[in-house]
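Residue numbers start at 1 and run along the sequence shown. None of the values given here were measured: they were computed from a predicted structure.
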Amino acid sequence: MAGRREKYGQSIRGSRIAGAIAIGVLLGCVFAFLYPNGFFSPDPRSQSRLVSKSNLQVDSPNCESTEGVNMMKSENRKLSEKNAELQKQVRELNQKLQAAQQGNGRTQEQLVVSSQPQKAGPFGTVKSLRTNPPVMPDESVNPRLAKLLAEIAVGKEVIVALANSNVKSMLEVWFNSIKKVGIPNYLVVALDDTIVEFCKENDVPVYKRDPDENVDFIGKSGGNHAVSGLKFRILREFLQLGYGVLLSDVDIVYLQNPFDHLYRDSDVESMSDGHNNMTAYGYNDVFDEPSMGWARYAHTMRIWVYNSGFFYIRPTIPSIELLDRVADRLTTQPNSWDQAVFNEELAFPSHPGYIGLYASRRTMDIYLFMNSKVLFKTVRKDANLKKLKPVIVHVNYHPDKFPRMKAVVEYYVNGKQDALDAFPDGSE
């Protein structure tokens, strides 16, 4: 009996399971009929998007070389333009920052940290920085001049001379000597229309500034000293454009290319009015005051002035500040001599009530960059020195400039050995 009951119970459970399976199959058929895409299937539209996306991914290798590359190039251009705009903004902000720092008279706020602190090396190996970094060129200052300089400058350097009709004869000797040497990077800044036409007739690079009442009045009618004062205002734009300038008066004869003999290790590199090593490069001068008794002797350091008619100036902040200072003083102190002001601003140190110019300077070799006192008083009388060929001769010590310039050409270029003999040492 018990065995039959167990078999009967198992058969009932088996029939129940079979019934449940049958019901599940039936329900599955019903749902399959009512929901052919599945009860939990996504929106057909989204499914179609997935399908289309997969198709795009499949087809993308075929489009990579056209649409994809073009899109990447377009994005790259946009990023480059954005980067250029950001760089421009950074430059403008740096310029404003520099202007703010320079406008403050306190020394500690003028210091600019250009690098990380450095450890000093062994004794005798430590060298300070000789120059300031160049300014960032700004072509917006003068686009017309920027275009001209880009055509004629060599290595971002150019010889520049200012000239009006008063110096026309000397100007001709000046540019003929430059052409003879083969110097390509030179420019005449014409201060009147006559010089513009004269330069064009002789195939000489020339530039005339845009109209400026103050500059035009002095440039057209001023003498040597007035024109010399103008150069400090005009040169500023050259430096702002990022060019190193070899400023030259026109009473100069060129015998070699001066750019081959520059050191470029200073903000200003100038020829000297000194006539020997001591006066040109500096010496210890003893001042004697007997009334002081034991302390009657006082030692001073002396150096003869730089010649403001021939100097190389790098495009740095101190160089531009030098031009600004000199131009400002010549405007507010009309009886000042530009060469004296030029040297004072370069040499005077900071002291109470005055902030000196932080510019480095170098004196040029007096036998290569020769003034006319050195030539006529010393060199022409010395058999060994006469064999040297200077880079330039500046007839700055003598009023009879034109005949002496022609004599220099005859002696050094044409080989006429007695060409210098007829002239006195000085101007008597």
Side-chain angles (χ1 to χ4, degrees), residues 98-112 114 128-135 225-226 228-236 239 244-247 249 263-289 297-364 366 369 371 396:
Q98 289 177 347
Q101 289 173 333
Q102 291 161 17
N104 196 315
R106 290 174 294 179
T107 303
Q108 62 268 26
E109 293 187 8
Q110 288 183 334
L111 298 178
V112 178
S114 59
S128 62
L129 294 177
R130 297 297 196 270
T131 62
N132 290 281
V135 298
H225 285 305
S228 293
L230 277 181
K231 63 194 173 195
F232 296 98
R233 292 178 57 183
I234 294 175
L235 283 183
R236 191 186 206 277
L239 269 58
V245 176
L246 187 58
L247 188 281
D249 283 352
Y263 285 80
R264 299 175 180 85
D265 63 349
S266 304
D267 296 301
V268 178
E269 193 168 344
S270 179
M271 72 173 296
S272 172
D273 271 2
H275 59 92
N276 55 28
N277 289 352
M278 184 178 76
T279 56
Y281 309 138
Y283 63 101
N284 185 353
D285 185 40
V286 180
F287 176 76
D288 184 10
E289 189 175 9
Y297 300 111
H299 290 257
T300 68
M301 299 304 300
R302 297 188 63 182
I303 184 172
W304 285 31
V305 296
Y306 289 147
N307 190 286
S308 61
F310 189 87
F311 60 87
Y312 176 75
I313 185 166
R314 294 178 64 248
T316 65
I317 291 297
S319 296
I320 294 175
E321 184 182 2
L322 170 65
L323 299 180
D324 288 351
R325 287 185 178 211
V326 175
D328 179 66
R329 284 187 56 185
L330 293 175
T331 300
T332 57
Q333 304 168 14
N335 295 325
S336 299
W337 181 28
D338 70 285
Q339 182 159 290
V341 174
F342 175 71
N343 279 272
E344 288 170 3
E345 293 299 338
L346 270 176
F348 285 174
S350 297
H351 55 263
Y354 176 78
I355 301 297
L357 181 72
Y358 295 95
S360 56
R361 57 193 188 274
R362 167 181 280 274
T363 305
M364 292 176 170
I366 62 171
F369 299 91
N371 63 56
N396 61 313

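Remark: the backbone N or O of I366 is not paired with any side-chain donor or acceptor of N371 at under 3.5 angstrom.
Partner of S319 under the side chain to side chain contact (heavy atoms under 4.5 Å, CB included) criterion, out of L357, L239, D324: L239 alone.
Side-chain contact between K231 and D249: present, with at least one pair of heavy atoms (C-beta onward) separated by less than 4.5 Å. No side-chain heavy atom of S308 sits under 4.5 Å from any side-chain heavy atom of W337. Within the 4.5 Å cutoff, side-chain heavy atoms of L246 are placed close to those of F310.
Every residue two or more places apart in sequence or in another chain that forms a ring pair (Phe, Tyr, Trp, His ring centres under 6.0 Å) with Y354 is listed here: H351.
For residues 267-280, the salt bridge (Lys or Arg N to Asp or Glu O under 4.0 Å) pairs, not counting sequence neighbours, are D267-R314.
Expressed to the nearest 0.5 Å, how far OH of Y281 lies from CZ of R362 amounts to 10.0 Å. Here the CG-CD distance, from D328 to Q333, works out to 8.5 Å after rounding to the nearest 0.5 Å. Going from atom CZ of F342 over to atom CG of L247 covers 8.5 Å, rounded to the nearest 0.5 Å.
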> Could you walk me through whether S350 and Y358 pass the side chain to side chain donor-acceptor pair (under 3.5 Å) check?
Replying inline: CA-CA 9 Å; S350 297; Y358 295 95; 3.1 Å; yes

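Of all heavy-atom pairs spanning S270 and N307, the tightest one is OG-O, 3.3 Å.
Below 30°, between 30° and 60°, or above 60°: for W304 and H275 the angle between ring planes is above 60°, a perpendicular geometry.
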